[in-house]
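Just so it is clear: chains get the letters A, B, ... in the order the sequence lines come, proteins before strands, and each one is counted from 1.
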Amino acid sequence: MALRSLARFALSRRVADACFQQATKLQVAVQGPPALTSLLWRRTASSLLQEASASTSTPAFGTEADLVVPLLNQRGRQVGTYTLGGDVFNTEVRRDILHRVVRWQLAARQQGTHKTKTRTEVRGGGRKPRPQKGGGVSRQGSIRAPQWRGGGVAHGPVTRSHAIKLLKRIRRLGLCSALSAKAREGRLLVVDTLRLPQPKTGLLAGAPRRSVLLSDLSAEGPDGGEGLRRACANLPWVDLLPSIGLNVYSILRRDYLVLTCQSVEAVQERLRKPIRPQRSTA
Amino acid sequence: MRWYSTPVPEGYVALNTIADNPGATHSIKRLGRGIGSGLGKTSGKGHKGQNSRSGGGVKPGFEGGQTPQRLRIPKRGFHNPFKRTYNPLNLTTLRQWIEEGRLDASRVITMRELRASNAVGHQLQDGVKLLARGAKSWNIPVSQASAIARQAIEAAGGSVTTVYYNALGLRALTQPEWFAKKGRLLPRPARPPPRLEAKFERKGALPPLRDLAAGLEQAATA
């Protein structure tokens, strides 16, 4: 078991190295430094851990104190600082809640369109196949009974919803946990904009192949929009979601999370809005 | 997908490092699924008899034909169909709500405001009764008030009015939007029944009383 996991680890490292080499080759081919290059280039997990531990001004994680993070541009250069709301990006990371939310998401997306035919639904079988007595063989009432070849299925799957219920508060707690986890691991990057000069995949393809989720405001938004959607549509290691679509599963299945300022503001506003609107006292 | 992911470092959160708390979920009992499960052949129902059949067993409280306990023991007490239950409201709560800005003390606080600000709970029964834990100055039309609460408020320069609303009137007071949604007119205020007349100072104002001046005018003309 240990050997197998070691082997898998080694394989994945080799694949990652190969990807880096390929990426550097590609980078040469593209004119000028591509977008997201240095944004994701040096930010391996280990170097980020060192960065995080080296900066002493960072408040303790999980305390809901606001986080001040560098504001980057698309090339990965710092252009300022950005303050992330501690109630959203610096909460306690609850792995149990994350697990529940992921289960809820995956269960809800199951189609549930599985079906087998029961003995009443299989064609035919209305006639008694042979007399009840006198044949010297067993009593049978239908040729579509479950024990017959070609018969119906007993207790088979039926079309149904697999969805489970989860409180809205728990779902929100999960999203805060996921965002906080990425922030704590230093794998949450805030950029000023993701809008590309042209809707070209080549502008993104030279960046290292990091599993990354990008998030902008919306398809019509000024910070990404349709051009970015076209550019990253064919890159299997890049996901793109509008801010309203940010969710626990999509965040956790990618290593890195890159948010634009506007996306951060929108998700904060979404998570701070009271679940039950305050009744007016007028 | 996995190929683009780097190995998950120790302590990081990823899809393969999250789990629910131990004991948070139960594993389901799988009945009739073989000897090894311990619930195989008879699915834990034993052999034969009423309780082993599908839908078998007797209804709860059935004692095999013997007079069951709920019939053996005589009835006791009585049910008062005219009982009126009031949601309690203590002056401490009121003070806190006003200090926190959840209630506006400069206007008349009716039961509608009390319910909307969640001071007396969402489900009003027959109205609100003011109780005397704490005291401050304000004007509050409620269903009932304890003598000490009334004294305390009047000593502080405020006033308490006990107004009667029947169930429909209370709804019209607290949720007039319900009538608008249904396209119905607001009901006319109901007089209290004779036996309750002495307990109330006036019948409730409908449409809901919003500010003191209008309320006093209405009370004067009525």
- Which of these, A:Arg103, A:Arg100, A:Arg94, sits in a salt bridge (charged side-chain N to carboxylate O under 4.0 Å, His left out) with B:Asp20?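 The passing option is A:Arg100.
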
- Find out whether B:Leu15 and A:Tyr249 are in side-chain contact, i.e. whether some heavy atom of one side chain is under 4.5 Å from a heavy atom of the other.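 The answer is yes; the side chains approach within 4.5 Å.
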
- Taking the side chain as every heavy atom from C-beta outward, state whether A:Arg187 and B:Tyr12 have any atom pair closer than 4.5 Å. yes

- Message: So, taking the atom named CG in A:Leu252 and the one named CG in B:Asn16, what distance separates them when rounded to the nearest 0.5 Å?
- Response: 10.0 Å

- For B:Val13 and A:Arg184, work out which heavy atoms get closest and say how close.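 Heavy atoms only, the tightest pair is CG2-NH2, 4.4 Å.
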
- Are there more than 12 heavy atoms of other residues, nucleotides or ligands under 6.0 Å from atom CZ of A:Arg272? yes

- Message: Atom CG of residue position A:Asn234 - does it have more than 12 heavy atoms of other residues, nucleotides or ligands inside 6.0 Å?
- Response: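 No, the 6.0 Å shell around CG holds no more than 12 heavy atoms from other groups.
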
